[in-house]
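Quick note on labels: first sequence line is chain A, next is B, and so on, each numbered from 1. Heavy atoms only: backbone and side chains are in, while hydrogens, waters and symmetry mates are out. Being a predicted model, the structure only gives us computed values, none of them experimental.
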Amino acid sequence: MTTRCFRCSALAAMVLMCAVLAGCTDIHEMKYQSFITAIGLDRTDEHDIKVSILKLLFDQQSQGLSASDESSRQNQASISKVVSVGCSYFPDCMERIRHQLSGRMTLDQVHYVLFGEKLLQSGVKPYIDYFYHIGEMEQTVKFFGTDQDVEAFMKKDEGMLVHRLIGGLQVHPSVFDVEMWEFAPKINTALSSAYLSLMKIDDDQLFADGLYLMKEDKLGMKLSLEDAFLLQFINGERVDELTFVFPDEQLAFQVHNYRMKLRVTPRTADVYVRATGWVIGGREYQSRTVLDGQDEFLAGKIEDRLEQVLATAHAKGIDYLGIGEKFRQKNWDTSDWQSQLENLNVNVHADIIILSGKGAQ
Amino acid sequence: MNGYRQISARQWFFISLFSTICLTPFGFPTTLYHHLGHGAWVPIAAAYLLTIWGVFVSIRLCERFGKKNLAEWAQDVLGRWLGSLYAIGAILVTYTWGVGMVYVFTDLVTYTQLPNTSRILLLLFIFGPVLYLLLGGLEAWVRFAEFFGVMLLFGLILINVPQLGNATFTNLLPITTAFREPAALARPEIVAALFVFRGIFSIYFLYPHIKPERLFRWSLFSATLAFGEVLAAVVLPIAVFGASFAKTIAYPYQESLGTVALPWLPFERITLLTPAVWQLIMVYVLCVSMYAAAIGMRTLLRLKGERKERRLILVLGLVSFGLTLIPLQKEMVMKLMVYWSLAGIAVLIVIPTLLWMILAVNGRFFG
């Protein structure tokens, strides 16, 4: 066989093999896919699981919706649809949703997962395990919690509000930016606790209404927005526009810059918070001599409130600071970590530096 | 396969680098996390030291026998039968390495990126170009390897560097964990990890074709860069997720890549890069594995002439294609790779070291 002939037959064999042996299976064109942008999970009063998904609609699908479809009836230009199912076993729910969709369920466009309060109380581990097991969702999916009805929340959202919020998350001080890859490892350990922002939609407006602190994979406690705001000091994420209001004193402290350091010993944990910023108050706070006296007052207030929040959390076995993880890293005893955490002495040391009013301008 | 020195040490650097990186970032880490937790980096560091030693021994041995490959000098040193037996062992280790890695690759791509793509199509996309390149001769596929080598290096940097933003390196503490239970380090799975940098040992077959100038320096550089990549693949999932969670994930390195979104890039997610990068690396691995095995078999079968050599490569390629069509579970492949690695350590590190020492003591061949 000449070289030329050999090459020709090799090429022909390859083309033939591609045509005969190979084949793409299950090809799904875009128009036959159902893109899910949000998943809501909650439990019903009968302790069943309720799963709602927010599905994006293409123009044709949007026009073809039946008049009975509640989410689209109010708004003809609706671009999304909520599908809800109930079941006692989570994979069953997902299977039922698959059957209800007109196209193939596509989860790689999910932007956020919303956990209802009842579901958080019963534990979220099976759901996170499922998400990792199917391997279709991105690691950067945002996680939120809500105490509202999940289905109602998603109908009001229509795929827009939370999406906008996610786009501007870096500058939003009330929302804790939690992605799946940050959340999942913490629900599998007692040495560091996960947290979720509590979201609400009232009158078509989205609110961050506090913070859920997890005790392993279950809801440990709920923090008010003011206390959650305070935890931004030790969250590690840099956020702009942190402002603390002290209504009794009729003043506020607008943070310009801050940093936190955690030092642990086998018996104590010391949290060092250093913040610079501006005092916002009445005319009397324009004087430098008055301002000079406020730094210790603000430091004391912040220390007291932070210590109180952390002590309450520790009493419930919630390790927001990840002190247990520090213990593990130092090879110290972490057995029976909850009782150790309860007895741990936590001190907050705040160092507040007040900038002149001109700096704020 | 003309036998003259066709490729430079720099070209050897590129083919040894990517064939040494291989698919190790995806295969071994989970096993290491299970046994050693966040001390999983220890066997990788030990493997690197062992590889440097192995490279030193291989180059010294090959230097002694000049233009002979392993199958040729083994018969000179150990006699015809024992030498042939040893050569068959080395050829089998080198050849099955490529086949095993195809299994890992198809499983990875199917699991993470292309769940609806037929396995046979993936295999055709790998074996087609590999056979085409190999039939073009050593110089042809090495030029391909050199051309894409620089691009692949940039790809690997792009994959790893953005993950540093999500990494917490204190997760690796305490540093002494891996040494607390010495028995764990003696498990077959951990000992097998000492052979993770195996691509570079193809030098035993390719040495007669490589120009010897600065060969050790380029080999050392290649092993060090491969060590950097494999170490990143082991350490980054721990730094991102923590060891206790990383060990529960099927492909921790792929998942830690997924924690990064780069909105300023056209594709946003670096996970989209990985099938392309590792498909190219797979081409390197198969080229090196099949070509090295072909050189060894050519010697043992006493085949002469380019046409026969081409046919041998074609047969090896088709056999590999046929073998990889057999469906095997990932766990089974991993188990086989452990025993294969132990055999590899014996055949390509321990025996050459003993031979080199005996020859050195004997003095006749000591250079």
Checklist line | Flag for Asp217(A)-Tyr127(A): side-chain donor and acceptor within less than 3.5 Å | finding: no
Item checked: chain A contact via Ser244(B) - which portion, at a heavy-atom distance below 4.5 Å -> neither
Note to self: Is the distance between the ring centroids of Tyr132(A) and Phe245(B) under 6.0 Å?
What the structure shows: yes
Next item on the list: May I ask you to name which of Leu172(B), Asn166(B), Val240(B) has the most heavy-atom pairs under 4.5 Å with chain A?
Entry: Asn166(B)
Next item on the list: Please look at Leu123(B) and chain A and tell me whether the side chain, the backbone, both or neither of the residue comes under 4.5 angstrom of a heavy atom of that chain.
Entry: neither
Margin query: At a 4.5 Å cut-off on heavy atoms, which part of Leu135(B) comes close to chain A: side chain, backbone, both, or neither?
Written below: side chain
Item checked: Between Asp319(A) and Trp337(A): side-chain donor-acceptor atoms closer than 3.5 Å -> yes
Notebook entry, point to check: Relative to chain B, which of Lys330(A), Glu325(A), Arg328(A) shows the most heavy atom pairs under 4.5 Å?
Noted result: Arg328(A)
Margin query: For the interface with chain A, which of Phe127(B), Tyr132(B), Tyr251(B), Phe241(B) has the highest count of heavy-atom pairs at distances below 4.5 Å?
Written below: Phe241(B)
Item checked: Modelled atom types, side-chain donor and acceptor of Lys55(A) and Ser102(A), under 3.5 Å -> yes
Note to self: Once you measure the plane-to-plane angle for Tyr320(A) and Tyr195(A), does it fall in the parallel (<30°), tilted (30-60°) or perpendicular (>60°) bin?
What the structure shows: tilted
